[in-house]
Amino acid sequence: MNAFGKIVAILIAVVLLFLCPIQYVAQKQDILMQQYVTTETSYFIDSVRNLGYITKQMYEEYMQRIELGNNVYEVELTHYHALFYKEDGEEVDNDYKAISGYIGEEEDTYRRYMCYYTPDILEELYNEENGYIYKMNQDDYLTIKVKLKNKTLGKQMQELLLGVDYTDGNYVTVYGGLIRDEAY
């Protein structure tokens, strides 16, 4: 009985002396990587919002920067393009500078959004005929969701110590906003 108690005490000591500090450091590293990815994402999206377009080079540089930490991320882009219609279904001229101030004042005019997702955006972005550029209009919306696809050391340690299964990745950051300018 005394030998069993010593074995349990040794196991508890191993957990407290080695596994808990490793798990703490791994979680801190995960938090730092999440903050880094959030910062890079906000820098990328704010640049796109100010310019009104994404170039192939901008996108590839962003992807290289967020994948520095040996993590695998899935990036989901969504572009909401505003279309204006009259009540009878007739599409209104979509010159944003001329019409954006009048929406809401004209009772028979309303706005709908056409959504473009990551495959659509990347197809146009990697198209040589378009000059490797994806253009957006002022007053459109752009959102990005960055999802972690692999298990980090911190998550693996949590699984080991807590018995929680982290099979599905989670979102590291979600960011976006209104396109402010068309600089193309």
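Just so we're clear, the structure is a prediction, and the values are computed from it rather than from any experiment. One is the number of the first residue; the rest follow in order along the sequence.
Legend: residues meeting ring-ring contact (aromatic ring centres under 6.0 Å, His included) with Y113, ordered by chain and number and at least two apart, are Y141. Considering only residues two or more places apart in sequence or on other chains, F44 meets the ring-ring contact (aromatic ring centres under 6.0 Å, His included) condition with Y62. Y175 meets the side chain to side chain donor-acceptor pair (under 3.5 Å) test with D46; sequence neighbours excluded. Residues satisfying the side chain to side chain contact (heavy atoms under 4.5 Å, CB included) criterion with Q29, sequence neighbours excluded, are absent altogether. In this structure, the side chain to side chain contact (heavy atoms under 4.5 Å, CB included) partners of Y73, at least two apart in sequence or on a different chain, are M33, V37, I66, E67, N71, V146, L148, V172. Looking at residues two or more places apart in sequence or on another chain, you find a ring-ring contact (aromatic ring centres under 6.0 Å, His included) between Y116 and H79. A search for salt bridge (Lys or Arg N to Asp or Glu O under 4.0 Å) contacts involving E74 returns K149, not counting sequence neighbours. Residues that satisfy the side chain to side chain contact (heavy atoms under 4.5 Å, CB included) test with T78, not counting sequence neighbours, are Y80, Y117, T143. E128 pairs by the side chain to side chain donor-acceptor pair (under 3.5 Å) definition with nothing, not counting sequence neighbours. Not counting sequence neighbours, Q64 has no partner by the side chain to side chain contact (heavy atoms under 4.5 Å, CB included) test.
Within the hydrophobic cluster formed by Ile, Leu, Val, Met, Phe, Trp and Tyr side chains joined at under 4.5 Å, directly or through other members, Y43 stands alone, with no partner residue.
Taking CG from L51 and CZ from R180, the interatomic distance works out to 10.5 Å, rounded to the nearest 0.5 Å. If you take CZ on R49 and CD on Q138, they are separated by 12.0 Å, rounding to the nearest 0.5 Å. Taking CD1 of I54 as the start and CG of L142 as the end, the distance is 5.5 Å to the nearest 0.5 Å. Atom OG1 in T173 sits 14.5 Å away from atom NZ in K147 (nearest 0.5 Å). One finds the CD1 atom of I133 at 8.5 Å from the CE atom of M58 (value rounded to the nearest 0.5 Å).
The minimum heavy-atom distance between D181 and N50, with the atom names listed, is CB-O, 3.1 Å. Looking at every heavy atom in both residues, A82 comes nearest to D140 through N-OD1, 3.2 Å. Nearest heavy atom pair, residue L125 against residue Y134, reads CD1-N, 3.9 Å.
Looking only at side-chain heavy atoms (C-beta outward), D139 and L178 come within less than 4.5 Å of each other.
Annotation: E76, atom CD; neighbour count of heavy atoms from other residues, nucleotides and ligands within 6.0 Å is above 12.
No path of Ile, Leu, Val, Met, Phe, Trp and Tyr side chains, each step under 4.5 Å between heavy atoms, connects V72 with I144, placing them in separate hydrophobic clusters. Cluster membership for L122 and Y132, using ILVMFWY side-chain heavy atoms within less than 4.5 angstrom, is not shared. Cluster annotation: Y53 and M114 are assigned to the same hydrophobic cluster (Ile/Leu/Val/Met/Phe/Trp/Tyr, side-chain heavy-atom contacts under 4.5 Å, transitive).
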Decide yes or no on side-chain contact (heavy atoms from CB on, under 4.5 Å) for Y59 and L77, but give the supporting numbers first.
CA-CA 11 Å; Y59 180 75; L77 292 166; 4.1 Å; yes
From CA spacing to verdict: side-chain contact (heavy atoms from CB on, under 4.5 Å), Y36, L32
CA-CA 6 Å; Y36 173 75; L32 287 174; over 6 Å; no
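A distance-only check finds a donor-acceptor pair linking the side chain of N127 to the backbone of E129 [under 3.5 Å].
Within the structure, every pair that satisfies the salt bridge (charged side-chain N to carboxylate O under 4.0 Å, His left out) test and touches residues 26-41, not counting sequence neighbours, is listed here: E40-R65.
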